[in-house]
J.: 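Here it is: the structure, laid out below.
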Amino acid sequence: MDNNFTNLSSLELDEEDSLVLEETVAINDNNCRNHPSSSSNTSPSSAAATTATNISSINFQQPSTTNNATIPSIMDDINNHRIDPSPLISSSQQVGGDGDNSTQYTDDLTSYESYSEQELTQKPNNNANNNSNEDDDNNPHTTLTPPSWHDTLFHPFSTTKQFFQELSTFFSWEFLSWMAIQQCFISGGVFALVMSLGLPLFKELGIDASRQQLYMTMIFAPWAMKPFIGVASDLFPIRGYNKRYFAVYSILIGLVGCCVLLGLYQSGSAEAAKAAGPEAVQNFADWIVICFTAVSYEAATLDILGEGKYSELMRKYPESGSSIISFKFGWSLLGSIITQSFVGPMSDAGYFHILFWIALMLSVTPFYPTLAGWIPEKKRTKDEPGMTKLCSGCLFDKGSFQDKKTPFLIITACGLAAPIMAAVTTYASLGVGLAVSGFLLVGFTVATYFIFPPTFFKVFLSIILSYCSNVSISSGLSYFYTADATCLPDGPNFDYTYYITITGIVGSVVNFAGVVLYQNFLSGWRFRSALIFTIVIGALAPMIDLIIVMRWNLKIGIPDKVFFLFGNAIFENLVGILQSIPFSSIFAKIAPPGMESAVFAYTVGIANFCGMVSNLLGSGVLKWSGMSTVGDDCNFDSLPNLIVIFSILIPTLVGIPATFLIPNVLQTENMIDWEKEQWYVKGDELQSEEDIQNSNAADDNDRDDGDSRIESHLL
C-alpha cells in the first residue's frame, strides 16, 4: 500500500494532459451510461479495448517541478495492453462530474496501479509474449494471416449459426420453433398443396383459365381477412389469451375442411360430375372451393397471429432488421420444396384423394405447440382497466375499443370486405365485383388519410399502388404451359410433374437462395433503394414468358423445358422473394404501439386485398381478351400483348414512383416515430415529453414480469 502511494506521488502530468485525461474519463463514463446495450450486449473485452485505446493516446510528460520521481513502469504495461483497464470504467462511474478533477484522475490511476500490481503478481511469465506482440505491432510490414481452408469450408455453417444466435437474442426459442412449424407445415405445406392443386384439379373439371383464377381468388380471400382476424384477437381474449385460442380454432376449421374433402372427392368423382352436366361440375367445384378456403383460413390466421407478435418485437428491437422475415421465408420455402416434390407426380397420376390425406396430417401439426403456449403472450384478466366479461371464457377489451374506435371499425371493415367482394365477383358478376372493390379501395384510402399520420398514409398509398399495378395473368400462362397437344399442338405441353414439381422445387431453392442473398447484400440498403432495384429486375422476368410464348427460344435452338427452367423458374422466383421481404418488413415497422396486431393486419390485409383486385382484373383481362384456354381449339394469340402491358410496363411505370412515398430510411431504423406523432391523442389528452418517458418506463417495468425479450400485448 505504501509503495502504491509512493508511485502515485511520483507521477506528474502537465495541465494540458490533465485535461485530456479528464475528458477521456468523462467520455468513457458517458459511453457506459448512455450506450443502449452497455449492460447486456457489450462484452467486457470490447469495453476494455476501447478504454485502452483512449488511455494509450494520452501524452504523459516528464516531471517538472513538484516531484522528483519518474513515471513508474506500470505505464509500459498499460501501453502494452497487458492490463485490463476496466477498473477505470467502474471508478469513473463512481466519481461525480462536478468534483475535484485531480481527485478523479488520481483515483483512476490508483485503480490502475493496484490492478497492475495484482496482474504482474499473477502473470509473471507474460513479458516475453508481450514483447513479441509489441514487436509485431510495431512492424509496419506485418500482414494478416489468410483464412485457412477449414474456415473457408465451414464459413456458411458458422454464419448460419451466428444468424440463429443473434435471432435468439430478440425472439424466444419457443416462438421461433412455433414459427418454424407454422411456416414449414402450414404456409409452405398444406396451403402450398392447396394452391398447387388448383390448376390440375379445376382443369380436370374443364374449368377455363378466367374462372379458375376467380376460384383461386376466392380461396385466397382469408388472407385478405387478416385485418378482421387481427382486430378480433386484440379485442376478444379467449380464456385470457389474445392469440392462443384463435389459433387453435383456426386449426380445427382447417381440419374440418380436409375431412369434408376426403368425403367429397372419391375416385371417379370428377368424371361423374362432368357426365352430369355443367351445373353438377360447378356445384362440385364450389364445394372444393369452400373446403380449400377453410384450409386457407387456418394458414392465414396462424400467419397473422405470428406476424402480429414479431411486429411488436421488431418495433421494440429495430436493430433486428429483417432477420425474422428471412427466418420466416426460409422455413416456408423449405416446406414448399417438400410439398411440391410429390404434388406434381401424384396430380399426373390422379391421386388427389391421397393428397387430401396428406393435407389432413399437415393441418394438425401446429396444434400442440399452439395449445402449449409457444406464442408468447401475457394472460389477460377481467380485473384489468376497461376489460369486461362477455361470456364464460371470453373477455372484451372495451377500454381499448373506446379509445380507438374509429381505427378499429375501419380495420374490421377492411377485413370483412375481402370475402364479400370475392364471393360477389365469383358467383355474381365480375364487373360488379371490380366496381365494388374500386369503391372500397378509395374509401379505405380516404379513411386512412384522416385517421393515421401523414407518413403512414404515404406508405399505405405506396402499398396500394405497388400491389394493384401487378395485374395477374398467371392462370393464362399456366394454361398455356400445361395445354396438351390437342389444345395447343405447337405449345410447350408441360406435364404437372415438370411444371409443379421440378420447376417448383427449383423455384423454391432459388427463393431460399434469394432470402440468403437479401439478408447478406440488400438488408443493409435503404428501403427505397431495395424496392426500386427489385422492381427494375422484376420487369425483366416476364420477358422469359414472352420469349417462350412467341416461340423465339425454339428459333435459337433452346428447348422449352430448358429455357423455362433456367429462365422463368429461377429468375421470376428470385425476383418475387426479393420483393416480398422488404414489404413484409415495412408492414411490421409501421405498426403503432398499442395496436401492433390490428394495424399490421390492416396493412397486410390491404396488400392482400389489392392482390385480390389484381387477380380479378387479370381474370377480366383474360376473359375479355378472347382467349380460349380449354377444349380442342385453344387460342392464346393475345397473351404476348398482355405480358408486355400488364407484367412489364404497368408495374414499372407505377411501382417506381410509388416507392418515393416510402421514407428513405435504413431497414434497421424505425420508419415512424409514434411518440413524436402523438397519434390518436386528442386535445387535452396530449402528453408532455416527461409523461411519455414515465409511461414508457412503466411499460418496461410491466414487461419485465414475463419474458424480458418479449413485449407483452399492449391492448
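Reckoned from all heavy atoms, side chains included, excluding hydrogens, waters and symmetry mates.
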J.: Does the side chain of N470 come under 3.5 Å of the side chain of S614 through a donor N or O and an acceptor N or O?
T.: no
J.: So, the side chain of T425 versus the backbone of A422: is there a donor-acceptor pair under 3.5 Å, distance only?
T.: no
J.: According to the interplanar angle, ranging from 0 to 90°, do the rings of F327 and W331 count as parallel (below 30°), tilted (30 to 60°) or perpendicular (above 60°)?
T.: perpendicular
J.: Spell out, as yes or no, whether a donor-acceptor pair under 3.5 Å connects the side chain of R526 to the backbone of Q667.
T.: no
J.: Measuring only between side-chain heavy atoms, which start at C-beta, is T659 closer than 4.5 Å to F527?
T.: no
J.: I'd like to know if the side chain of S647 and the backbone of V644 have a donor-acceptor N/O pair within less than 3.5 Å.
T.: no
J.: Heavy atoms only: give me the nearest G514-L574 pair and the separation to one decimal.
T.: CA-CD1, 3.6 Å
J.: Looking at every heavy atom in both R244 and T370, which two are closest together, and how far apart are they?
T.: CG-O, 3.3 Å
J.: Is a donor on one side and an acceptor on the other found under 3.5 Å between the side chain of E669 and the backbone of L666?
T.: yes
J.: Taking salt bridge (charged side-chain N to carboxylate O under 4.0 Å, His left out) as the definition, give me every residue that meets it alongside E307, ordered by chain and number, with sequence neighbours left out.
T.: K226, K328
J.: Classify the side-chain pair Q212/S475 by whether it contains a donor and acceptor separated by less than 3.5 Å.
T.: yes
J.: Run the side chain to side chain contact (heavy atoms under 4.5 Å, CB included) test on F533 and I537 for me, step by step, so that the C-alpha distance in whole Å, both residues' side-chain angles and the decisive distance to 0.1 Å come before the verdict.
T.: CA-CA 6 Å; F533 174 78; I537 299 298; 3.9 Å; yes
J.: Run the side chain to side chain donor-acceptor pair (under 3.5 Å) test on N615 and S472 for me, step by step, so that the C-alpha distance in whole Å, both residues' side-chain angles and the decisive distance to 0.1 Å come before the verdict.
T.: CA-CA 5 Å; N615 284 331; S472 175; 3.3 Å; yes
J.: Mark yes or no for whether S296, through its side chain, and F292, through its backbone, hold a donor-acceptor pair below 3.5 Å.
T.: no
J.: Less than 6.0 angstrom separating the ring centers of F452 and F457, yes or no?
T.: no
J.: Applying side chain to side chain contact (heavy atoms under 4.5 Å, CB included), run through L302 and S250 and close with a yes or a no.
T.: CA-CA 8 Å; L302 296 179; S250 71; 3.8 Å; yes
J.: Would you name the heavy atoms of C414 and I606 that are closest together and state the gap between them?
T.: SG-CD1, 3.4 Å
J.: Would you check if the side chain of S619 reaches a backbone N or O of Q213 as a donor-acceptor pair within less than 3.5 Å?
T.: no
J.: Can you list, pair by pair, the side-chain donor-acceptor contacts under 3.5 Å of residues 179-191, counting residues two or more places apart and other chains?
T.:
from : atom 1 : to   : atom 2 : distance (Å)
Q182 : NE2    : S187 : OG     : 3.0
Q183 : NE2    : D303 : OD1    : 2.9

J.: Quick check: closest heavy atoms across N242 and S233, and the distance to 0.1 Å?
T.: ND2-O, 2.8 Å
J.: Under the ring-ring contact (aromatic ring centres under 6.0 Å, His included) test against F460, which residue among F444, Y449, Y602, F587 passes?
T.: Y602
J.: Report the C-alpha separation of V536 and I656 in whole Å, then their side-chain angles, then the decisive distance to 0.1 Å, and conclude whether the side chain to side chain contact (heavy atoms under 4.5 Å, CB included) test is met.
T.: CA-CA 8 Å; V536 172; I656 291 179; 4.0 Å; yes
J.: Supply the atom-to-atom distance F246 CZ to D234 CG, rounded to the nearest 0.5 angstrom.
T.: 9.0 Å
J.: Could you tell me whether the side chain of S585 and the main chain of I581 form a donor-acceptor pair under 3.5 Å?
T.: no
J.: Output the distance between atom CG (L517) and atom OG (S523), rounded to the nearest 0.5 Å.
T.: 11.0 Å
J.: Less than 6.0 Å separating the ring centroids of Y310 and F175?
T.: no
J.: Do you know the tightest heavy-atom contact between S172 and P376?
T.: OG-CG, 4.3 Å
J.: Drop me the distance from L461's CG to T445's OG1, to the nearest 0.5 angstrom.
T.: 6.5 Å
J.: I'd like to know if the side chain of W223 and the backbone of I219 have a donor-acceptor N/O pair within less than 3.5 Å.
T.: no
J.: CE of M195 to OG1 of T339: how many Å apart, nearest 0.5 Å?
T.: 13.5 Å
J.: Show your working on side chain to side chain contact (heavy atoms under 4.5 Å, CB included) between L477 and I643 and close with a plain yes or no.
T.: CA-CA 9 Å; L477 287 169; I643 294 174; 3.9 Å; yes
J.: Hydrogens and angles aside, do Y518 and Q579 bring a side-chain donor and acceptor to less than 3.5 Å of each other?
T.: no
J.: Pairing donors with acceptors under 3.5 angstrom, does anything connect the side chains of S177 and W374?
T.: no
J.: Supply the atom-to-atom distance K309 NZ to I375 CD1, rounded to the nearest 0.5 angstrom.
T.: 9.0 Å
J.: Enter the distance from I463:CD1 to C610:SG here, rounded to the nearest 0.5 Å.
T.: 8.5 Å
J.: Restricting to non-hydrogen atoms, name the atom on L622 and the atom on G476 that form the minimum distance, rounded to 0.1 Å.
T.: CD1-N, 3.6 Å
J.: Near F228 CZ, under 6.0 Å, is it more than 12 heavy atoms from other residues, nucleotides or ligands?
T.: no
